[in-house]
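Residue numbers count from 1 along this sequence. Computed from a predicted model, the values in this text were never measured in an experiment. Every heavy atom of this structure was used, including side-chain atoms; hydrogens, water molecules and symmetry mates were not.
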Amino acid sequence: QVQLVESGGGLAQAGGSLRLSCAASGRTFRSNAMGWFRQAPGQEREFAAGISRSGLSTFYADSVKGRFTISRDNAKNTVYLQMNSLKPEDTAVYYCAARATVLPPRREDEYDYWGQGTQVTVSS
């Protein structure tokens, strides 16, 4: 079992930055690829970024590429999402997810564990 708890959401102005954290419980964190997903009001949840279990490979949705950076600290059982140059369309609930595999899937139904989500609101 892996329990995930996100933090770091809040209100930011367009062009600003936020850093999300996802703390994982359990001793199997480093065995899991991690993903960040987001769900805007009235829309389906979508893949934003993913990182391999080693941390050496990262993947991004086109909509966030060049602005968001995913990273992980296996010693701290934590994955991060640094969000820069924020836009109003980044407003969403952000979720982290884990799957016991090498590379992070882009499909949400391939993940085994989910956090409760953290709200990010970007004002124009």
Disulfide bond (SG atoms under 2.5 Å apart) contacts touching residues 28-83 (sequence neighbours left out) =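 Pairs touching residues 28-83 that pass the test: none.
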Any chance CZ of R30 has more than 12 other-residue heavy atoms, nucleotides or ligands included, within less than 6.0 Å?
->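 Incorrect, the count does not exceed 12.
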Might you confirm whether atom CD of E89 has over 12 heavy atoms from other residues, nucleotides or ligands at distances under 6.0 Å?
->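 Yes, because the 6.0 Å sphere around CD of E89 holds more than 12 heavy atoms from other groups.
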Does [X] reach the side chain of [Y], with side-chain heavy atoms less than 4.5 Å apart?
{"X": "V93", "Y": "Q119", "answer": "yes"}
{"X": "D112", "Y": "V2", "answer": "no"}
{"X": "M83", "Y": "V120", "answer": "yes"}
{"X": "S63", "Y": "R38", "answer": "yes"}
{"X": "W114", "Y": "E108", "answer": "yes"}

Sequence neighbours excluded, every pair satisfying ring pair (Phe, Tyr, Trp, His ring centres under 6.0 Å) that has a member inside residues 65-89 |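 Passing the test, one end in residues 65-89: no pairs.
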Non-hydrogen atoms of [X] and [Y] that approach each other most closely:
{"X": "D90", "Y": "S85", "answer": "OD2-O, 4.4 Å"}
{"X": "L86", "Y": "A12", "answer": "CD1-CB, 3.8 Å"}
{"X": "S17", "Y": "N84", "answer": "OG-OD1, 2.9 Å"}
{"X": "A100", "Y": "N32", "answer": "N-OD1, 3.1 Å"}

Under the 3.5 angstrom rule, does the side chain of [X] hit a backbone N or O of [Y] as a donor-acceptor pair?
{"X": "Y111", "Y": "P105", "result": "yes"}
{"X": "E6", "Y": "C96", "result": "yes"}
{"X": "S25", "Y": "Q3", "result": "yes"}
{"X": "T91", "Y": "V122", "result": "yes"}
{"X": "T78", "Y": "K76", "result": "yes"}

May I ask you to decide whether K65 forms a salt bridge with D62, counting only side-chain N to carboxylate O separations under 4.0 Å?
->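 Yes.
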So which of W36, F37, Y94 actually passes ring pair (Phe, Tyr, Trp, His ring centres under 6.0 Å) with F47?
->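 Answer after filtering W36, F37, Y94: F37.
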Ring-face cation contact, Y95 with R45, 6.0 Å cut, 45° max |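 Yes, R45 lies over the aromatic ring of Y95.
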